[in-house]
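The structure under discussion appears below in the form of structure tokens.
Residue numbers count from 1 along this sequence.
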Amino acid sequence: MTPPYRIETERLVIRCYEPEDAPLLKEAIDSSLDHLRPWMPWARNEPQTLDEKVELLRSFRAQFDADENYPYGVFSADESRQLGGAGLHPRGGEGSLEIGYFIRADSIGQGLATEVTAVLTRAGIEKCGLVRMDVQVEPENERSIRIPRKLGFTEEATLRRRLEPKEEGGPRRDAILFTMLAEELPGSPCMAYEYLAYDALGREL
């Protein structure tokens, strides 16, 4: 099943992008470049113009609608501010999706990435019928590593040279692979995070 187009928690809206979100995305990234560049290879191409952001979000929406990849914006509950980004990515084979996330610099330390990861894990297993959810984190990214550990993911292995280089022409980076199986979800800390999920027509799933 296609992942939800929209997920709501008490303080967040996690949803498929629209082109008109470009100003919010640009502001969130432009204000956080020093925070993002050490960990997000795409940040080396920032800042982009507003028109470039519109085209990026058009491509994100096209990927989502085509069931190729599922990028999400993470917004405040009233959707007036973008707090970060997330995604469900088909990188681990059939029956699984990989969760990615970033939080803008002035909103870190509030548990937002943990909340996003928890509800995406629940949605992937409960609404899409997936058998496994994955998270890959660079070993040096200690803040990000704490998130899957806190939520009860199993640390499976360090995968050598799995992540793209930080800089063009640089070395590929190692990744620690964390996984949660469907049967492990009910007893995990993810269950403490409540959410509502909706399809492309706004129908609750």
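- The structure places CD of Glu52 at 9.0 Å from CG of Asn45, a figure rounded to the nearest 0.5 Å.
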Inset, instruction - Before giving the answer on side chain to side chain donor-acceptor pair (under 3.5 Å), spell out for Asp78 and Ser80 the whole-Å C-alpha distance, their side-chain angles and the decisive distance to 0.1 Å. - result: CA-CA 5 Å; Asp78 63 3; Ser80 64; 2.7 Å; yes
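- Remark: side-chain polar atoms of Ser59 are paired, donor with acceptor, to backbone N or O of Leu56 under 3.5 angstrom.
- Ion pairing between Glu27 and Lys53 fails under the 4.0 Å rule for side-chain N and carboxylate O.
- Looking only at atom types and distance, the side chain of Arg11 has no donor-acceptor partner in the side chain of Ser76 under 3.5 Å away.
- A continuous path of ILVMFWY side-chain contacts below 4.5 Å connects Phe178 to Leu88, so both sit in one hydrophobic cluster.
- Side chain of His35 to main chain of Ile103: a donor-acceptor pair is present (N/O by atom type, distance under 3.5 Å, no hydrogens or angles).
- Enclosure of atom CE in Met191 by more than 12 non-hydrogen atoms of other residues, nucleotides or ligands within 6.0 angstrom is indicated.
- Here the rule is side chain to side chain donor-acceptor pair (under 3.5 Å) with Ser96, and of Arg132, Arg91, His89 only Arg132 fits it.
- The distance from the OH atom of Tyr5 to the CD atom of Glu18 is 9.5 Å, given to the nearest 0.5 Å.
- Atoms CD and CG, from Glu156 and Leu177 in turn, are 5.0 Å apart once rounded to the nearest 0.5 Å.
- Nearest heavy-atom pair across Pro4 and Phe64 is O-CZ, 3.4 Å.
- Without hydrogens or angle criteria, Glu126 side chain to Ala123 main chain gives no donor-acceptor distance under 3.5 Å.
- Scanning all heavy atoms of the two residues, the minimum distance from Leu112 to Ser107 falls at CD1-O, 3.7 Å.
- Considering only heavy atoms from C-beta on, Glu138 stays 4.5 Å or farther from Asp174 through its side chain.
- With hydrogens and angles left out, the side-chain atoms of Gln136 and Glu98 include a donor and acceptor closer than 3.5 Å.
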Inset, instruction - Determine, step by step, whether Arg143 and Ile108 satisfy the side-chain contact (heavy atoms from CB on, under 4.5 Å) criterion, reporting the C-alpha distance in whole Å, the side-chain angles of both residues, the deciding distance to 0.1 Å, and the verdict. - result: CA-CA 10 Å; Arg143 180 184 293 274; Ile108 61 174; 4.1 Å; yes
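- Under the 4.5 Å side-chain heavy-atom criterion for grouping Ile, Leu, Val, Met, Phe, Trp and Tyr, Tyr17 is connected to Ile29 within one hydrophobic cluster.
- Using a 4.0 Å cut-off between charged side-chain N and carboxylate O, Arg6 and Glu8 make a salt bridge.
- A donor-acceptor contact shorter than 3.5 Å is absent between the side chain of Lys26 and the backbone of Thr49.
- No path of Ile, Leu, Val, Met, Phe, Trp and Tyr side chains, each step under 4.5 Å between heavy atoms, connects Val119 with Leu196, placing them in separate hydrophobic clusters.
- One N or O on the side chain of Glu46 and one on the backbone of Gln48 form a donor-acceptor pair closer than 3.5 Å.
- Rounding to the nearest 0.5 Å places CG of Leu205 at 9.5 Å from OH of Tyr198.
- Between Asn69 and Pro90 the shortest heavy-atom distance is OD1-CD, 3.6 Å.
- For the pair Leu50/Pro23, a side-chain contact is recorded, criterion being any heavy-atom separation below 4.5 Å from C-beta on.
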Inset, instruction - Evaluate the criterion salt bridge (Lys or Arg N to Asp or Glu O under 4.0 Å) for residue pair Asp30 and Arg104; output intermediate values, then yes/no. - result: CA-CA 9 Å; Asp30 288 356; Arg104 61 183 296 150; over 6 Å; no
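- Residues Ile176 and Leu97 share a hydrophobic cluster, clusters being chains of Ile/Leu/Val/Met/Phe/Trp/Tyr side chains in contact below 4.5 Å.
- Summarising the geometry, atom SG belonging to Cys16 is positioned 11.0 Å from atom OH belonging to Tyr70; distances are rounded to the nearest 0.5 Å.
- Counting heavy atoms from C-beta on, the side chains of Pro165 and Arg173 never come closer than 4.5 Å.
- If you chain together hydrophobic residues whose side chains sit under 4.5 Å apart, Leu120 and Phe102 never meet in one group.
- Counting non-hydrogen atoms of other residues, nucleotides and ligands closer than 6.0 Å to CZ of Arg81 gives a total above 12.
- Smallest separation of non-hydrogen atoms from Leu130 and Met133: CD1-SD, 3.6 Å.
- In this structure, Tyr72 has its ring center no closer than 6.0 Å to that of Phe60.
- Here the closest non-hydrogen pair linking Ile145 and Pro139 is CD1-O, 3.3 Å.
- Enclosure of atom CZ in Arg61 by more than 12 non-hydrogen atoms of other residues, nucleotides or ligands within 6.0 angstrom is indicated.
- Applying the 6.0 Å contact sphere to CD of Glu168 captures no more than 12 heavy atoms from other residues, nucleotides or ligands.
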Inset, instruction - Go through the steps for Arg37 and Arg44 under the test side-chain contact (heavy atoms from CB on, under 4.5 Å), then give the verdict. - result: CA-CA 6 Å; Arg37 280 182 174 139; Arg44 66 174 177 252; 5.9 Å; no
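- For the side chain to side chain contact (heavy atoms under 4.5 Å, CB included) with Phe75, the qualifying choice from Ile14, Leu83, Asp21, Leu12 is Asp21, the only one to do so.
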Inset, instruction - Show the numbers, then the answer: is there a side-chain contact (heavy atoms from CB on, under 4.5 Å) between Ile99 and Thr121? - result: CA-CA 8 Å; Ile99 300 169; Thr121 299; 3.2 Å; yes
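- Side-chain contact annotation: Thr9 with Glu194, donor-acceptor N/O pair under 3.5 Å absent.
- The residues Glu164 and Arg172 are annotated as not salt-bridged, no charged nitrogen and carboxylate oxygen being separated by less than 4.0 angstrom.
- Rounding to the nearest 0.5 angstrom, the gap separating the CD1 atom in Ile125 from the OG atom in Ser188 is 7.5 Å.
- A 6.0 Å sphere centred on CD of Glu142 holds no more than 12 heavy atoms belonging to other residues, nucleotides or ligands.
- Within the 4.5 Å cutoff, the side chain of Ile147 has no heavy atoms near those of the Phe153 side chain.
- Sparse packing is recorded around CD of Glu10, with 12 or fewer heavy atoms of other residues, nucleotides or ligands lying under 6.0 Å away.
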Inset, instruction - Evaluate the salt bridge (Lys or Arg N to Asp or Glu O under 4.0 Å) criterion for residues Glu79 and Arg15: first the C-alpha distance (whole Å), next the side-chain angles of each, then the deciding distance (0.1 Å), finally the verdict. - result: CA-CA 10 Å; Glu79 301 183 57; Arg15 61 167 173 79; 2.6 Å; yes
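- Tyr195 and Glu115 are not linked by any side-chain donor-acceptor pair at a separation below 3.5 angstrom, with hydrogens and angles left out of the test.
- The minimum heavy-atom distance between Gly92 and Asp134, with the atom names listed, is CA-OD2, 4.1 Å.
- Under the 3.5 Å distance criterion, with hydrogens and angles disregarded, a donor-acceptor pair is assigned to the side chains of Ser144 and Tyr101.
- Counted by atom type alone, Asp67 and Thr2 present one or more donor-acceptor pairs between their side chains at under 3.5 Å.
- Atom CD of Glu183 has more than 12 heavy atoms from other residues, nucleotides or ligands within 6.0 Å.
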